[in-house]
Structure formats: C-alpha cells, structure tokens
Amino acid sequence: MDPWSARGIDEEDYERLIKEFGIERIGEIERQKLIDNRFIRRKIIFGHRSLDDIFKAIEKKQPWAVMSGIKPSGPFHLGTLTTALEIVEFQKMGAKAYYCIADIESWEDNGIPYEEAEEAGVDNLADILALGLDPSPDKAYIWRQSKEPIVKDVCFKVGRLLTQNMVNAIYGEKRFGLYLAALIQVGDILLPQILDAPQPTIVPVGIDQDPHIRLTRDLTRRYYKDIKEDEKIVRDAFFLPGATYHKLLTGLDGTDKMSKRNPNSHFTFNEPIDSIIKKLKGALTGGRKNKKEQQELGGEPQKCMIYKILTYHFEEDDEKLADDFEKCVKGELMCGEHKKECIEKVVKFIENHQKKKEKLIDKAREILKIG
RNA sequence: GGGGGUGUAGCGUAGUGGCAGCGCAGUGGUCUCCAAAACCAAAGGUCGUAGGUUCAAAUCCUACCACCCCCA
C-alpha cells in the first residue's frame with residue numbers, strides 16, 4: 001500500500017489489511033460509544049488503532065487530541081471532506097484539534113514551492129473552518145510544516161532510528177524527499193504531545209495513510225520513552241498515536257479512486273456549479289439496463305456512487321438513507337430520480353458552504369500569518 | 001567524479017533520413033429512467049530544449065535539461 005499512489009482498494013483488501021497489519025476492527029462496543037459520529041455509525045470508519053486510550057481519556061475527563069492535516073496542493077474535494085469532518089466531529093466530542101498544512105509534503109510530492117502552497121493552504125483552512133472547526137487557541141492548534149520548528153526537530157531526532165531497510169519495507173523505493181516528508185509527518189502527529197503534554201492522540205485518515213501511522217508508532221515507541229533523572233521520571237513516555245481508518249470513496253465515474261489526474265472522478269469545492277452538476281449527472285449508478293429490469297430486479301446500491309456520496313456526506317437523515325436503499329433494491333426508486341435529488345442536495349451544500357467560507361478567508365490568513 | 005540508457009498526444013507505445021501512427025483514457029452521438037457496458041464518429045502533436053548537417057531530421061551530429069541504471 002502506498003500513501004502517494006492513486007490506486008484504489010477493494011473490499012477484500014480491507015479484510016487483508018485488518019489481518020496483516022494489525023488494524024483493529026470497529027466492533028459494536030466501539031460503535032455504540034461513538035454512535036454520534038456519522039462515519040462510525042454508517043461504518044465508513046471500519047478500523048482503528050488505540051481507540052481505547054481515547055475512551056479512557058474521555059471517561060477520566062483527561063485531555064486528548066485529534067490530529068490530521070491537508071496537503072495544500074489543490075481545493076477541497078469529497079475525499080478531503082471526509083477527514084476534515086472527522087476532525088470537526090472529534091473536536092466536538094472534546095478533543096483539542098491539531099491541524100496541519102502539509103506544505104513540506106506538497107513540495108516533496110508535487111513540487112509546489114512553499115509560497116505557492118500558501119494560497120491553497122488559506123483556501124483549505126477556510127474550508128475546514130466553514131465546516132465547523134473551532135479555531136480558538138484552547139480548542140485548536142494550526143500550523144504550516146515549513147514554519148513549525150517542532151516538526152522539523154522531530155524529523156532529525158527520529159531520523160537517527162530509521163534505516164534504509166525500514167523505509168523500503170514501509171514505502172518501497174521513493175524519492176528521498178518523500179522519506180523526509182514522512183518523518184516530518186511523524187513530527188506532525190507527535191506535535192500535540194510535545195507542544196502540550198503526553199496525551200492520547202487520534203489521527204483520522206483514509207486507510208491508504210496507514211504506512212505513516214505505522215512508522216510514527218514504531219518511532220514513537222523507540223524514541224519517546226520515559227525520561228529519567230536520578231531514577232525519577234521527568235517526562236512520561238508518549239502515548240502511541242492512534243488512528244481511525246475510513247474507507248476511501250471511489251471515483252464518481254466508477255474509476256478506482258478519486259484523483260486529480262481524472263477530473264471526472266471528482267469535483268472540488270471551488271468548481272463552477274454547472275460543472276459539478278455535469279459530473280454528477282455522469283456518475284456511475286447501480287441501475288439496470290432499462291426501466292423494466294430495474295423494476296423487476298431492483299438496483300444495486302453497493303455499486304452506486306450516488307448512494308455512496310449521500311452516505312458519506314450529503315444525506316443527513318439516517319432513516320431516509322435506509323429507506324432509499326430499500327426502495328432501490330425493490331425497484332421502486334429510479335436512478336434518474338435519485339440522481340436528481342442528490343444533485344439538488346449537493347448544490348445546496350456547496351452554495352451554502354461557499355457563503356460561509358467566503359467570510360472565513362481573512363480569518364484563515366490571520367491564523368496562518370499569511371498577508 | 002566516470003560510464004551507459006531513456007525522453008513521441010493525458011497515459012502506454014510504434015516509427016534507422018522522405019505525409020507522425022496504434023492502443024487505452026478523454027470528447028460527441030446511438031442506446032438507457034440516469035449512468036455503465038456495447039456500437040458509431042470526430043478530435044487530440046513545438047517528436048525534452050537549443051543549435052548544426054541535409055533538397056529533406058522524431059530519425060544523423062553537438063550542447064543543455066529531466067529521469068533511470070551501473071562503476072568508484
């Protein structure tokens with residue numbers, strides 16, 4: 001699995017990942033505890049590491065952190081929306097949010113200079129603010145990798161522990177800069193514990209980002225142990241950063257993964273409305289050959305991108321969602337009609353979002369200290 | 001530091017001096033409740049860049065750039 005590639009992951013792969021890489025399944029117990037979280041409730045988040053630490057912190061009313069970030073290489077889209085909403089939801093549950101603008105990664109991976117990444121960073125931050133992230137200092141810390149000494153420091157410190165064989169095993173052979181970006185990301189994930197205090201941290205990510213989580217946990221275990229002076233612990237060992245893993249949305253047009261390469265596979269939040277509508281009209285459905293067969297056999301919502309994006313993002317009402325699923329399977333709901341309804345919801349969401357976001361651009365500039 | 005290789009449409013490639021082609025993707029159409037699939041059609045190019053040789057250069061020469069491999 002490669003965090004920088006655009007390959008998709010199918011159902012069997014999820015099972016394999018759970019078995020081979022020690023990702024824990026979100027069972028009914030965990031699900032009930034987090035039932036307010038849409039992504040957990042709808043089983044979009046299917047796995048985790050070290051969620052138990054978070055539950056303990058919540059029970060004991062101790063501080064805990066949610067950390068994630070965005071690579072400022074373009075506007076928000078449905079994929080980045082998932083992570084962003086996950087952060088917002090965990091913040092609402094009581095976590096302090098740590099949000100990183102990964103401009104070192106956008107340079108190493110996409111060749112975007114820091115100065116060019118500023119604009120995208122501001123835009124991205126305004127998006128997540130519009131989605132409800134509370135930026136007040138006691139509830140959030142937001143940084144740019146290129147301007148944050150803490151993360152660079154971690155990169156060098158843990159770099160001593162990393163061998164060629166390890167990076168090859170985790171990432172395969174890549175440009176050297178990508179390995180550096182991976183170590184910077186270790187810094188991002190540890191920042192909450194360095195900046196504030198050792199505390200359970202959850203990193204909500206797409207399953208393709210698990211290599212970064214594994215690397216971070218490995219290096220944390222070895223480097224950030226108890227520090228003792230005269231047999232007295234002067235700094236507690238860090239918590240191993242945890243993660244939640246969500247399933248990745250596939251391309252609207254039925255291709256493997258939403259990717260920048262393929263504009264029909266996704267739409268962005270900055271895109272003209274009619275372009276978004278056009279793409280949604282062309283989305284893959286689970287419909288049958290014709291109306292008659294649809295009525296007789298029913299549709300296949302598992303394959304349907306309209307159903308999927310409604311589940312992920314655009315249908316607030318669980319009952320309505322379950323209802324439509326039923327109707328589709330029974331052949332009572334026609335794809336054309338369903339699509340039209342979905343388009344209306346998406347357009348409404350985007351228009352509403354744009355309005356909120358516009359007012360937050362200046363705020364985003366101020367937070368990132370970009371003039 | 002030295003040696004070798006590659007560079008052609010978004011991607012993958014053919015083309016050893018004589019009209020730059022093919023597959024996939026993308027676009028339009030037929031079909032479909034909408035899509036997909038299938039079928040039909042049209043489009044897409046500074047042949048890495050800059051010079052040179054030649055009546056004629058993707059093709060030969062020189063330099064540069066990018067990427068890959070090998071040796072020290």
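Each chain gets a letter, A, B and so on, in the order its sequence line appears, and its residues count up from 1.
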Please state how far atom [atom1] in [X] lies from atom [atom2] in [N], giving the value in whole angstrom units.
| X | N | atom1 | atom2 | answer |
| --- | --- | --- | --- | --- |
| A/K289 | B/C33 | NZ | C1' | 15 Å |
| A/I306 | B/C34 | CD1 | P | 14 Å |
| A/N264 | B/G10 | CG | P | 16 Å |
| A/N290 | B/U32 | CG | P | 8 Å |
| A/K292 | B/U32 | NZ | P | 14 Å |
| A/Y307 | B/A35 | OH | C1' | 18 Å |
| A/K330 | B/C33 | NZ | C1' | 20 Å |
| A/R288 | B/C34 | CZ | C1' | 15 Å |

What integer number of Å spans the [atom1] atoms of [N] and [M]?
| N | M | atom1 | value |
| --- | --- | --- | --- |
| B/C60 | B/C67 | P | 24 Å |
| B/G48 | B/U8 | C1' | 10 Å |
| B/G23 | B/G44 | C1' | 15 Å |
| B/A35 | B/G26 | P | 15 Å |
| B/A20 | B/A25 | P | 27 Å |
| B/G7 | B/C61 | P | 14 Å |
| B/A43 | B/G28 | P | 16 Å |
| B/U46 | B/G21 | P | 14 Å |

Touch check for [X], heavy atoms < 4.0 angstrom, all strands: base, sugar-phosphate only, or nothing?
| X | result |
| --- | --- |
| A/K281 | sugar-phosphate |
| A/D253 | nothing |
| A/G254 | nothing |
| A/K278 | sugar-phosphate |

Can you tell me the base-pairing partner of [N]? Count Watson-Crick or G-U wobble geometry only, both distances below 3.5 Å, and say none if there is no partner.
| N | value |
| --- | --- |
| B/A63 | B/U49 |
| B/A9 | none |
| B/C55 | B/G18 |
| B/U27 | B/A41 |

- State plainly whether the residues A/K56 and A/D52 are in salt-bridge range, i.e. N to O under 4.0 Å. no
- Is the shortest distance from a Lys or Arg side-chain nitrogen in A/D324 or A/K320 to a carboxylate oxygen in the other one below 4.0 Å? yes
- Message: Counting only side-chain heavy atoms from C-beta out, which of B/A35, B/U27, B/C33 sits nearest to A/M334?
- Response: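 Within the option list, the nearest is B/C33.
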- Item | Any donor-acceptor N/O pair under 3.5 Å between B/C33 base and A/E337 side chain |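 There is none.
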- Would you say the base of B/C34 and the side-chain of A/K339 have a donor-acceptor pair closer than 3.5 Å? yes
- Item | Ring geometry between A/Y14 and A/F46 (parallel below 30°, tilted from 30 to 60°, perpendicular above 60°) | perpendicular
- Message: Does atom NZ (A/K152) have a neighbourhood of more than 12 heavy atoms from anything else shown, all under 6.0 Å?
- Response: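 Buried by this count: over 12 neighbours within 6.0 Å.
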- For A/R175 and A/G336, take the nucleotide of RNA chain B holding the closest heavy atom to each; which residue's nucleotide lies nearer the 5' end? A/G336
- Which heavy atom of A/Y312 sits nearest a heavy atom of A/F39, and at what distance?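 Residues A/Y312 and A/F39, closest heavy atoms: O-CE2, 3.4 Å.
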- Do A/T311 side-chain atoms and A/Y307 backbone N/O form a donor-acceptor pair below 3.5 Å? yes
- Item | Distance under 6.0 Å and angle within 45° of ring axis: A/K357 vs A/F269 | no
